Amino acid sequence: MFGFIKRLTKPRNENSLRFKQEMADRMNGKHIKYVTERENDSDIVIGHDGCIAVRNGELILLSDGVVKFRVNVADMTASELMSLEGVILSGPDLENGSNYRTVIAYYKYYR
């Protein structure tokens, strides 16, 4: 019975695998306007026009036709912007030698 109630409620622990998987599922298929990378307290634009996809337990951020960020869902940290117009993703980037990176993806807005 408790499993049914657990599925109806949202997870609150941001470090739990369930929370990370639900965030990845929510971002899956989102179109991206542009992507920035946070370095030394400043944001640098690293790409335009792309999407976020989840495949085989990995979150992949594509921009300009190139993979800009790829991380295992279990290892990532994800939080939405207060405006809900984008997401902050952090984790070991599998595309760049597992270096820990923080990128911000801004969603496209469609009416």
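Treat the numbers as computed from the prediction; the structure is a model and nothing was measured.
- Using a cutoff of 4.0 Å between basic side-chain nitrogens and carboxylate oxygens, E22 and R18 are scored as salt-bridged.
- Contact annotation: the side chain of V71 never approaches that of L94 to less than 4.5 Å [non-hydrogen atoms, C-beta and beyond].
- Contact detail for V54 and V73: the closest heavy-atom pair is CG1-CG2, 4.4 Å.
- Between the side chain of D93 and the backbone N or O of E95 there is at least one donor-acceptor pair closer than 3.5 Å.
- The aromatic rings of Y34 and H48 sit tilted relative to each other, their planes meeting at an angle between 30° and 60°.
- Here the side chains of D25 and M23 are not in contact, with every heavy-atom distance at 4.5 Å or above.
- Atoms CD1 and CG, on I52 and L62 in that order, are 9.5 Å from each other to the nearest 0.5 Å.
- Side-chain atoms of K20 come within 3.5 Å of backbone N or O of A74 as a donor-acceptor pair.
- Across I46, D43, V45, a single residue satisfies side chain to side chain contact (heavy atoms under 4.5 Å, CB included) together with E37, and that is I46.
- Among pairs with a residue in residues 47-59, those fulfilling salt bridge (charged side-chain N to carboxylate O under 4.0 Å, His left out) read D49-K108, E58-R70, at least two apart in sequence or across chains.
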With side chain to side chain donor-acceptor pair (under 3.5 Å) as the test, would you mind laying out the steps for T102 and S90 before giving the verdict? CA-CA 4 Å; T102 300; S90 298; 3.1 Å; yes
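- Within 6.0 Å of atom CD in E85, 12 or fewer heavy atoms from other residues, nucleotides or ligands are found, so the atom counts as exposed in its surroundings.
- A donor-acceptor pair is defined here as one N or O able to donate and one able to accept, closer than 3.5 Å; no such pair exists between the side chain of K68 and the backbone of V35.
- A heavy-atom distance below 4.5 Å is not found between the side chains of I32 and Y106.
- The two atoms that bring S63 and G47 nearest to each other are OG-C, 3.1 Å, heavy atoms only.
- Between A53 and N28, the closest heavy-atom pair is CA-OD1, 3.4 Å.
- Annotation for E80 and Y107: closest pair OE2-OH, 4.2 Å, computed over non-hydrogen atoms.
- Annotation for P92 and S98: closest pair CB-O, 3.8 Å, computed over non-hydrogen atoms.
- Proximity of L61 to L89: side-chain heavy atoms (C-beta onward) are separated by under 4.5 Å at one or more points.
- Rounding to the nearest 0.5 Å places CG of D75 at 12.0 Å from CG of L59.
- Counting all heavy atoms, side chain and backbone alike, V87 lies closest to A78 at CG2-CB, 4.4 Å.
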